[in-house]
Amino acid sequence: MVRGMAVRRERSVWNGGLALAGAAAILGWAGVAAGQWGPGQYAPQTTPYGAGQYTPYGQPQQGPYAQPLPYGQTQQMPGYQNLGNTGGNDMTADKAYSWPILRISPGVGVNLPGVGGRQIVPSDALPSFDLDVTVGYRFALSRRVFLAAEGGYGLNTEPAMGSHAGSVGVGPGMYLHRHFSVAWVPRFVIGETKFGLGMGARNTVLLQTLDNVINLEIGHQWLWSEQRDLHELRAQVGVDVAAIVHLYTVSRLGGR
């Protein structure tokens, strides 16, 4: 009986020693861990994006999708001028912008009887085919106002009073909406008429639609040629090739 009690006492001491050793090991590991990754320290986290990276305890690992992407920023469009507080550099914003002009304008001209020197009877003033090719540049002066500098070649095929001449001029314009603006462009004109050299002026009002792609042109041209006044009323529909290029460029940049 005495021996049995001794055995039980020996086992109890052995078990107590193992328990104390295990507790000391756990406390030692906890102390090392606390010393290495205490409050404010970083511990390695296993995440799909951050293998080998560190993140504070209790905070999720941020993946690369959280970083700003270059294409997420506003694009700078060709020809754009930041002329007002419109909240961005998008050329499709509701404002004027600077851009080249390359317009082809077929239409109809009506030549009126002249005065001075040889008279031309009204029956000779027949409608005729007109064609203009215009190049230039549109300068944005403010959010709504622009200046159009244009030059080009014009052809009038009327048999008795027709002409082909060059012209150059500058005029103001008003941007009313993304799809509508109006401009007045006076020009100096010089060229050949049926009677000889002619010089004069042309006044044209342009109604520009569809982001300046389609231009409705109404104008009057006066030429003085060999002591004759030559008057012509012109109605034309122009297509601006440069405006088409502008729309394509903005579309490629994601503006539309």
Grouping ILVMFWY residues whenever side-chain heavy atoms fall under 4.5 Å, the cluster of L206 otherwise contains V185

Excluding I190, membership of its hydrophobic cluster (Ile, Leu, Val, Met, Phe, Trp, Tyr; side-chain heavy atoms within less than 4.5 Å) reads F188, L197, M199

Contacts of R187 that satisfy side-chain hydrogen bond (donor to acceptor under 3.5 Å, both in side chains) - sequence neighbours left out: T134, E150, S167

Partners meeting side-chain hydrogen bond (donor to acceptor under 3.5 Å, both in side chains) with S163 (sequence neighbours left out): none

Got a sec, which residues hit side-chain contact (heavy atoms from CB on, under 4.5 Å) with [X], two or more places apart in sequence or on another chain?
{"X": "V239", "value": "I214, I244"}
{"X": "A149", "value": "F139, V170"}
{"X": "F129", "value": "P106, L131, T157"}
{"X": "A165", "value": "V189"}

Which heavy atom of Y175 sits nearest to which heavy atom of S181, and what is that distance? CA-CB, 3.9 Å

Can you confirm whether W184 is buried at CH2, in the sense that more than 12 heavy atoms of other residues, nucleotides or ligands lie under 6.0 Å from that atom? no

Donor-acceptor pair, side chain of N156 and main chain of D130, under 3.5 angstrom: no

Partner set under salt bridge (charged side-chain N to carboxylate O under 4.0 Å, His left out) for E217, not counting sequence neighbours: R103

Residues in salt bridge (charged side-chain N to carboxylate O under 4.0 Å, His left out) contact with D132, at least two apart in sequence or another chain: R202, R234

Among residues two or more places apart or on two chains, list those pairs meeting side chain to side chain donor-acceptor pair (under 3.5 Å) that have a residue in residues 190-199. T193-S225

How long is the straight-line distance from CG of N215 back to OG1 of T209, given to the nearest 0.5 Å? 7.0 Å

Would you please name every residue forming a ring pair (Phe, Tyr, Trp, His ring centres under 6.0 Å) with H220, sequence neighbours left out? H231

